[in-house]
Amino acid sequence: MIKQRIIELLAQAADKAQKSGKLPSVAVPEITIEHPQNPEHGDYASSLPLKLARATGASPLAIAEDLVGLMAPAPEVETATVAPPGFINFTLKDAWLTRQVDAILPAGESYGNIDLGQASRVQLEFVSVNPTGPLHVGHGRGAILGNTLANVLSAAGYKVEKEYYVNDAGSQIDAFNRSLYARYQQGLKVDAEMPADGYLGDYIVDLAKEIIADEGDKFLSLPEKEAVAEIGKLGLAKMLAQIKGDLELLGVGFDVWFRERDLFEQGQYEKVMSLLREGGYIAEREGATWFVSTALGEDKDNVVVRSDGSPTYFATDIAYHYNKFIQRKFDRVINIWGADHQGHISRMKAVVQALGISPERLVVIISQMVTLSRGGEVVKLSKRSGDIITLRELIDEVGADACRFFFAARSADSQMDFDLELAKKQSADNPVYYVQYAHARIASILRLAQDKKIDYSTGDVSLLTTGPELTLIRKMLLLPEVIEMVAQALEPHHLAYYAQDLATVFHSFYKQCRVVSDDEALSKARLKLVAAARLTLARTLHLMGMTAPDKM
RNA sequence: GCCCCUGUAGCUCAGUUGGAUAGAGCACCAGCCUCCGGAGCUGGUUGCGAGCGUUCGAGUCGCUCCAGGGGCGCCA
């Protein structure tokens with residue numbers, strides 16, 4: 001990556017300056033470079049002299065002059081100049097830029113890959129919605145966030161495993177089972193009341209009908225407890241299949257579907273509890289069992305086993321993270337949770353610490369609420385009210401690509417308002433079409449070249465000398481940097497902005513530069529350029545889980 | 001009361017881990033097709049919630065307010 005090259009050049013110059021005594025031997029701060037917003041300042045700029053000035057007391061301009069003077073000449077760099085109050089600005093060589101087209105083309109769909117992760121193992125757990133109801137719009141946001149992040153982390157050299165944690169034990173699934181049983185009875189004209197904590201959504205009625213169609217009335221003759229368990233099992237399978245299907249519509253898939261029940265059936269729950277007990281993190285009081293998180297600086301302790309002997313969600317999550325870190329030995333675990341789980345983070349980190357694992361290895365990304373409105377009127381998201389807008393409905397209305405782009409384009413930290421009417425009305429103006437249109441346009445140009453039987457493999461990229469051409473190349477070269485930024489900050493939304501930027505510079509290039517013309521040599525060079533642009537754009541879209549259409 | 005997130009253009013949002021003159025889309029206005037896809041291109045208008053502080057330099061960091069959302073359960 002060219003960015004790394006420039007950082008190296010600076011580091012070497014600083015080292016030389018210190019060895020020659022021009023610069024006092026202080027610790028060199030981390031060298032960062034950025035893209036100046038003013039293009040007159042070049043392609044890259046560093047404020048290293050300003051930082052060294054603080055550490056050494058010397059004049060930043062003098063330091064900058066020394067560093068530039070000591071810098072080795074590089075084939076990539078046209079100029080390195082000093083600018084007040086102490087910046088060093090770098091401008092890339094046009095000839096080097098154009099050569100990059102020949103580097104991008106053979107890389108193909110691997111263009112942009114970097115080795116930030118060095119094959120370290122990252123687990124990304126996301127969605128993990130209780131299989132007690134259909135996915136809604138907020139879940140879609142988490143799904144796309146997680147899936148896009150997984151794609152980018154893979155591109156950044158991490159070994160990524162995507163996992164869905166299936167809560168198939170506990171009180172919520174219990175309420176689901178009892179609700180389904182009640183609807184089953186009602187469907188067979190048996191007088192039954194919905195449980196007080198039951199799920200009132202119509203989908204439960206539909207599930208019950210399906211079960212009646214499949215299995216008839218045979219569960220009526222079973223004892224209630226047994227019937228609830230049997231029907232629950234069927235309902236869970238149907239619910240999971242539905243969830244899986246919805247996610248597939250968005251192109252979101254998982255490597256592992258991890259069952260909460262396994263934590264009990266395979267002894268991990270018992271194991272981790274005894275570990276914590278040995279560590280002195282467990283206390284009995286008020287008839288319940290507590291995790292003493294106050295010993296680790298938390299505000300309060302948390303119940304792990306209720307006074308009726310049943311484990312809490314927190315307890316199983318402890319076992320689950322024991323499994324992730326100690327049994328499966330992931331280097332890093334990233335969980336994507338909804339905003340309502342925010343309070344769960346610090347105690348989970350405390351547990352990880354109690355298990356002897358550095359808490360930094362557990363990263364929790366909170367995806368903020370999605371509020372839905374329809375025609376300016378707020379729609380409640382409650383899964384229990386039955387009045388929900390499902391993810392499936394959203395996909396049907398605006399399409400999978402638009403869903404992906406729309407959700408991926410927003411920082412997880414910001415809550416978003418999703419107006420369904422607006423989404424429908426604006427679907428043709430959605431930025432997703434702008435980006436995909438650029439791709440289709442390029443594909444169309446390449447088709448034309450093919451029709452005219454132009455073999456551009458021998459094109460001479462050094463003929464690409466105009467502003468729009470170089471601007472396009474510069475933008476294409478940013479993809480590895482974007483991947484690095486997304487992977488480091490765990491913020492996929494940068495990808496969406498990059499996609500738009502890239503499309504913009506392409507459209508602008510297209511307007512100013514005729515690709516297929518009478519000038520055969522120039523045509524071939526430009527065909528190479530647009531072929532590389534197509535690759536870059538397609539890669540970006542694919543990282544976002546979107547299609548890169550050749551025709552629209 | 002305590003904790004987390006957010007507050008940037010009329011609207012929806014970015015802002016490269018503290019950099020130089022704060023950007024994009026939508027909307028609005030004015031232009032642009034003899035030629036590879038006009039779902040496009042080129043211009044134009046407006047802004048960092050408030051106040052202190054840290055330093056060469058703050059939308060970004062710290063503190064205090066104000067506003068919106070979420071959490072603080074032997075729910076998940």
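Naming convention: chains lettered A, B, ... in sequence-line order (proteins, then strands); numbering from 1 in each chain.
- Within the 4.0 angstrom heavy-atom criterion, base atoms lie near A/N38.
- Comparing B/rA20, B/rC36, B/rG37 by their nearest atom to the side chain of A/A440 picks out B/rG37.
- Nearer to the 5' terminus of RNA chain B, by closest-nucleotide assignment, is the contact made by A/Q488 (compared with the other of A/A288 and A/Q488).
- Note: NZ (A/K349) to P (B/rC3) measures 18 Å, nearest angstrom.
- OP1 or OP2 of B/rG18 has not a single side-chain nitrogen or oxygen of A/R54 nearer than 4.0 Å.
- A/H494 comes within 4.0 angstrom of sugar-phosphate atoms only, judged by non-hydrogen atoms across all strands, and of no base.
- The local environment of CG in A/D518 is sparse, with at most 12 non-hydrogen atoms from other residues, nucleotides or ligands closer than 6.0 Å.
- A/R347 comes within contact range of at least one nucleobase, with a heavy-atom separation under 4.0 Å.
- Here B/rU55 presents its C1' atom at 11 Å from CG of A/L50, a figure rounded to the nearest Å.
- Picking from B/rU21, B/rG68, B/rC36 the nucleotide with the shortest atom distance to the side chain of A/Q415 gives B/rG68.
- Note on A/N89: a base of the nucleic acid sits closer than 4.0 angstrom, heavy atoms only.
- Distance from the side chain of A/Y510 is smallest to B/rG37 among B/rG37, B/rG19, B/rG70.
- Here A/Y497 does not lie in a stacked arrangement on the base of B/rA24, lacking the combination of planes under 30° and ring centres under 5.5 Å apart.
- Aromatic pair A/H344/A/F314: ring centres closer than 6.0 Å.
- No engagement by A/A449 is indicated, since no non-hydrogen atom pair under 4.0 Å with the nucleic acid exists.
- Below the 3.5 angstrom threshold, one finds a donor paired with an acceptor across the side chain of A/H341 and the base of B/rA76.
- In this structure B/rA30 sits in a base pair with B/rU42, meeting the Watson-Crick or G-U test at under 3.5 Å.
- Taking for each of A/T504 and A/M416 the nucleotide of RNA chain B with the nearest heavy atom, the 5'-most of the two is the partner of A/M416.
- A/S414 comes within 4.0 angstrom of the backbone, heavy atoms only, and of no base.
- The phosphate of B/rG23 (OP1 or OP2) has a side-chain N or O of A/Q37 nearer than 4.0 angstrom.
- Among the nucleotides B/rG15, B/rC36, B/rC74, the one closest to any side-chain atom of A/E491 is B/rG15.
- Residue contacts shown for A/A53 are absent, as no nucleic acid heavy atom lies under 4.0 Å away.
- Within the 4.0 angstrom heavy-atom criterion, base atoms lie near A/H41.
- If you check B/rG25 for Watson-Crick or wobble pairing at under 3.5 angstrom, you find it paired to B/rC11.
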*Could you go through the salt bridge (charged side-chain N to carboxylate O under 4.0 Å, His left out) check for A/R178 and A/D174 one step at a time?*
CA-CA 6 Å; A/R178 283 181 282 110; A/D174 190 49; 3.3 Å; yes
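- What separates CD of A/E125 from P of B/rA76 is a distance of 16 Å, to the nearest Å.
- Pair check for B/rC72 finds B/rG1; Watson-Crick or G-U wobble, both atom distances under 3.5 Å.
- A 6.0 Å sphere centred on CD of A/E520 holds no more than 12 heavy atoms belonging to other residues, nucleotides or ligands.
- Dashed line: the shortest gap from a side-chain N or O of A/S47 to OP1 or OP2 of B/rG19 is not under 4.0 Å.
- Side-chain N/O atoms of A/H493 include one lying less than 4.0 angstrom from OP1 or OP2 on B/rG15.
- Between the CG atom of A/D417 and the P atom of B/rG69 there is a distance of 13 Å, rounded to whole Å.
- Comparing B/rG71, B/rU17, B/rG38 against the side chain of A/E34 picks out B/rU17 as the nearest.
- Checked against B/rA24, B/rG19, B/rA76, the side chain of A/Q172 finds its nearest nucleotide in B/rA76.
- Taking every side-chain heavy atom of A/A489 into account, B/rU17 is the closest of B/rG37, B/rU17, B/rA39.
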*Would you check, one step at a time, whether the test salt bridge (charged side-chain N to carboxylate O under 4.0 Å, His left out) holds for A/D519 with A/R514?*
CA-CA 10 Å; A/D519 184 337; A/R514 169 113 200 149; over 6 Å; no
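- Side-chain contact of A/Q172 with A/T132: a donor-acceptor pair under 3.5 Å is absent, judged by distance alone.
- The local environment of CD in A/Q512 is crowded, with over 12 non-hydrogen atoms from other residues, nucleotides or ligands closer than 6.0 Å.
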_Test log, rule salt bridge (charged side-chain N to carboxylate O under 4.0 Å, His left out), inputs A/R285 and A/D301_ = CA-CA 11 Å; A/R285 66 171 183 265; A/D301 297 338; 3.0 Å; yes
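- The partner of B/rC65 is B/rG49, judged by Watson-Crick or G-U wobble contacts that both fall below 3.5 Å.
- Looking at heavy-atom distances under 4.0 Å, A/R514 makes contact with a base.
- Note on ring orientation: taking the six-membered ring where Trp is involved, the planes of A/H341 and A/W337 are tilted (angle from 30° to 60°).
- The CD1 atom of A/I31 sits 16 Å away from the P atom of B/rG19 (whole-angstrom rounding).
- Among the protein residues, A/S508 comes within range of the sugar-phosphate backbone only, with heavy atoms under 4.0 Å from sugar or phosphate atoms but none that close to a base.
- With sequence neighbours left out, the ring pair (Phe, Tyr, Trp, His ring centres under 6.0 Å) criterion links A/H507 to A/Y434, A/Y437.
- Judged by atom type and distance alone, A/S171 does not reach the base of B/rC75 through any side-chain donor-acceptor pair under 3.5 Å.
- No N or O donor and acceptor, one from the side chain of A/D501 and one from the base of B/rA14, sit under 3.5 Å apart.
- Using a 4.0 Å heavy-atom criterion, one finds that A/S411 contacts the sugar-phosphate atoms exclusively.
- Note: CD1 (A/I63) to C1' (B/rC56) measures 12 Å, nearest angstrom.
- Atom pair A/E484:CD and B/rU16:C1' shows a separation of 10 Å (rounding to whole Å applied).
- In textbook terms, a nucleotide whose glycosidic angle is within 90° of 0 is syn, and B/rC33 is one such case.
- As the counterpart of B/rG19, B/rC56 is assigned, both hydrogen-bonding distances of the Watson-Crick or G-U wobble pattern falling under 3.5 Å.
- At a threshold of 4.0 angstrom between heavy atoms, the contacts of A/Q512 with the nucleic acid are absent.
- Listed candidates were B/rG19, B/rG37, B/rG70. Nearest to the side chain of A/P85 is B/rG19.
- Within the nucleic acid shown, A/D550 comes within 4.0 Å of at least one base atom, counting heavy atoms only.
- Nucleotide B/rC4 holds its P atom 16 Å from the CH2 atom of A/W337, rounded to whole Å.
- Taking 4.0 angstrom as the limit, A/R306 places none of its side-chain polar atoms (N or O) nearer than this to OP1 or OP2 of B/rG73.
- A/Y434 has a side-chain polar atom (N or O) that falls below the 4.0 Å cut-off from OP1 or OP2 of B/rC41.
- The side chain of A/Q342 sits closest to B/rC4 out of B/rC36, B/rC41, B/rC4.
- Close to B/rG73, at under 4.0 Å from its OP1 or OP2, lies a side-chain N or O of A/K300.
- With hydrogens and angles ignored, no donor-acceptor pair closer than 3.5 Å exists between the side chain of A/D413 and the base of B/rU6.
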